[in-house]
Each structure stands twice: as C-alpha cells, then as structure tokens.
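Note that the coordinates shown come from a computational prediction; the quantities given were computed from them, not determined experimentally.
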Amino acid sequence: MNTKHNIVIYLILFMVVASSAIFAEAKADTALYQKNKLYDRYIELFKLNRIKQANVVMLGNSITHGGNWNELLGRQDVVEQGIPSDIVEGFLNRIDYVTKLKPEVCFIMGGINDIYSWVPLPKIMRDYRKIIKELKKHNITPVIQSTLYAGKKWNNSSERNKEVIKFNKMLKSYAEKNDIIYMDLIPYFSEGMFLKEKYTHDNLHLNAAGYKVWVKEIDKVLLKLGL
C-alpha cells in the first residue's frame, strides 16, 4: 500500500515538474515584442481600419504615434502605425498591415526601445533588413529615418546613446549600399550625443517644436518623390 502510495506521489510530482518546465519553455519562447502589453491592443485597432489605400505610412513606436500625421503634413492620405514601446521585431511582425494599404512610401523610425531592451544591434539590423525587403517586394519605397537620442535626463542615456550612434552608422551604411533614402535627423535634434531639451517634453518623446522640425524634413522627401 505504501509503495503504491509513493508511486502515485512520484507521478504527481513528475507531472507538476514537467508542466512547469513546459510553461517555462513557452514563456521563454515569447518574443520580446509580445511582452509589450500595448502591442495586441493596437493590432486589434489596426484590424478595424477601414482605409483600403494610403499613399504614406508612418511606421514606428511611441515617437511616431505621438503625431497626427494627416494634420501635421496637411494631407488626407497618411496612415500612422506607431505602437508605444514597440521594437523593430514588432514592426516586422505587423508589416502586413503596412503592405495591404499599398502605399507609395513607408517612413520607418525605430530602434531606441530595442537598444534600451538590450537587443543586440546585429539582431535589430536583421529585422530592419527584412522589413525593407518586404516593402520592396510590394513596390513600396522605404525611407529609413535615423534613431533619435535620448535626452540627458533619460535613464542611462549616456551609455545607451553610444549604441544609438553605432546603430545609426549601420542604418546609414545599409541605406547607401542599397540605394535607400536615409533621413539623418541627428544634426537637427541633437546636442552633443543627446536629444535637445527644446524638442522634448520628457527627454525621449518629441514636443510640438520637435514634430515641426521632423515634418519639415519629411516634406522634403515627399517633394523629392513627387508625392
């Protein structure tokens, strides 16, 4: 009786341990972008979008999401697809929401959340290249925008901005080698290796003055593209 009882106990313990291991493995396999609680919420909103076609798509994170781009650009053909806290892998996962709009051009800005999440730069670039490849496959002109610095008062900005510098060099080099438009915003938004305080309200996100500068540079690209 005791032997049978012990066997039952061992079986139960084995099942508990095995279940815990499976759960832990599944949790470990969860992509980083999926850990963003806002991601699925915005995807559900994207699914409700009734717009069938847009000439311009703004793809990015909370910095992109912070502007009403039709109003800022004075147009009616822009769709904004920024998700707060999103990373470049997240952009890639939802690229179908861009391509189905059949835009002429897609402006991309991302990387700062990746860098603050300690995603290795080669990994960010791999995902970035996949995004560009997918856009080109659908005859969409990609525009790579430099990743902006964090401000002096943002957590650990001195160290993290060093990675931003490296990443922007990678983006620029990739754009030049592949004949892709590269918008270098760093000279306009930066002082030293930090985001200028006059362009931000919290040392990371842009204020109205910041968007004004950004819009001016986007207008130049749209004019160049005949849009």
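- Within the 4.5 Å cutoff, no side-chain heavy atoms of I140 are placed close to those of K102.
- Counting all heavy atoms, side chain and backbone alike, N61 lies closest to I112 at ND2-CG2, 4.0 Å.
- For R75, the CZ atom sits in a packed shell: over 12 heavy atoms of surrounding residues, nucleotides or ligands are nearer than 6.0 Å.
- Residues Y149 and R160 fail the side-chain proximity criterion, which asks for heavy atoms closer than 4.5 Å.
- When each of K52, Q81, H138 is tested with L101 by the rule side chain to side chain contact (heavy atoms under 4.5 Å, CB included), just one qualifies, namely Q81.
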Does L148 form a side-chain contact (heavy atoms from CB on, under 4.5 Å) with Y188? I'd like the steps, not just the answer.
CA-CA 10 Å; L148 300 181; Y188 305 100; over 6 Å; no

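- Under the 3.5 Å distance criterion, the side-chain polar atoms of D184 are left unmatched by any main-chain donor or acceptor of S146.
- In this structure, K220 places its NZ atom where more than 12 heavy-atom neighbours from other residues, nucleotides or ligands lie under 6.0 Å away.
- Of the inter-residue distances, the one linking L204 atom CG with S157 atom OG reads 10.0 Å to the nearest 0.5 angstrom.
- At a threshold of 4.5 Å between side-chain heavy atoms, the hydrophobic network of Ile, Leu, Val, Met, Phe, Trp and Tyr places L45 and V79 in one connected group.
- Using a distance-only test at 3.5 Å, with no hydrogens or angles considered, a donor-acceptor pair links the side chain of Q34 to the main chain of A31.
- The two residues I124 and I115 come nearest to each other via the heavy atoms CD1-CG1, 4.2 Å.
- Residues Q53 and N55 have side chains that bring a donor and an acceptor to within less than 3.5 angstrom of each other.
- I51 and I95 fall within the same hydrophobic cluster, where Ile, Leu, Val, Met, Phe, Trp and Tyr residues are linked whenever their side-chain heavy atoms come under 4.5 Å apart, directly or through other members.
- A 6.0 Å sphere centred on NZ of K196 holds more than 12 heavy atoms belonging to other residues, nucleotides or ligands.
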side-chain contact (heavy atoms from CB on, under 4.5 Å) between L59 and R94: does it pass, once the steps are laid out?
CA-CA 10 Å; L59 178 62; R94 56 188 172 94; 3.5 Å; yes

The test is side-chain contact (heavy atoms from CB on, under 4.5 Å); show your working for E176 and Y182 and say whether it passes.
CA-CA 8 Å; E176 289 175 347; Y182 179 73; over 6 Å; no

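- Checked by atom type and distance alone, the side chain of N70 pairs as donor or acceptor with a backbone atom of D77 at under 3.5 Å.
- Between the side chain of T147 and the backbone N or O of G110 there is at least one donor-acceptor pair closer than 3.5 Å.
- With hydrogens and angles ignored, the 3.5 Å screen pairs no side-chain donor or acceptor of S190 with any backbone N or O of L195.
- Remark: the N93 side chain and the Y39 side chain contain an N/O donor-acceptor pair separated by less than 3.5 Å.
- In this structure, I218 and V215 have side chains that are not in contact, with every pair of non-hydrogen atoms separated by 4.5 Å or more.
- Using a distance-only test at 3.5 Å, with no hydrogens or angles considered, a donor-acceptor pair links the side chain of T99 to the main chain of D96.
- Between V98 and P103, some side-chain heavy-atom pair lies under the 4.5 Å cut-off.
- Considering only heavy atoms from C-beta on, L32 stays 4.5 Å or farther from D114 through its side chain.
- Between the side chain of N203 and the backbone N or O of K153 there is at least one donor-acceptor pair closer than 3.5 Å.
- Formation of a donor-acceptor pair under 3.5 Å by the N178 side chain with backbone atoms of I180 is not found in this model.
- Scanning all heavy atoms of the two residues, the minimum distance from K123 to V119 falls at CG-CG1, 3.4 Å.
- We find the OH-CZ distance between Y128 and F91 to be 7.5 Å, quoted to the nearest 0.5 Å.
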Any chance you could lay out the side-chain contact (heavy atoms from CB on, under 4.5 Å) test for M125 and L171, step after step, and finish with the verdict?
CA-CA 8 Å; M125 274 306 306; L171 288 177; 3.7 Å; yes

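- In this structure the side chain of F107 reaches within 4.5 angstrom of the side chain of L222, judged on heavy atoms.
- The CG atom of L185 sits 5.0 Å away from the CE atom of M109 when rounded to the nearest 0.5 Å.
- W69 places a side-chain N or O within donor-acceptor distance of the main-chain N or O of T64, the cut-off being under 3.5 Å.
- Distance OG/S85 to CG/N36: 5.0 Å, rounded to 0.5 Å.
- Summarising the geometry, atom NZ belonging to K100 is positioned 7.0 Å from atom CG belonging to N49; distances are rounded to the nearest 0.5 Å.
- Within a 6.0 Å sphere centred on NZ of K136, other residues, nucleotides and ligands contribute more than 12 heavy atoms.
- Nearest heavy atoms, Y116 versus N155: OH-O, 2.6 Å.
- Inter-residue side-chain proximity for Y42 and D86 is flagged as unmet; no heavy-atom pair is nearer than 4.5 Å.
- Residues E80 and G67 come closest through the heavy atom pair CG-O, 4.2 Å.
- Considering only heavy atoms from C-beta on, I83 comes within 4.5 Å of F46 through its side chain.
- No donor-acceptor pair closer than 3.5 Å links the side chain of D127 to the backbone N or O of V88.
- Of all heavy-atom pairs between Y211 and L206, the closest is CE1-O, 3.4 Å.
- Here CD of E71 is found 8.5 Å from CD of Q76. Values are rounded to the nearest 0.5 Å.
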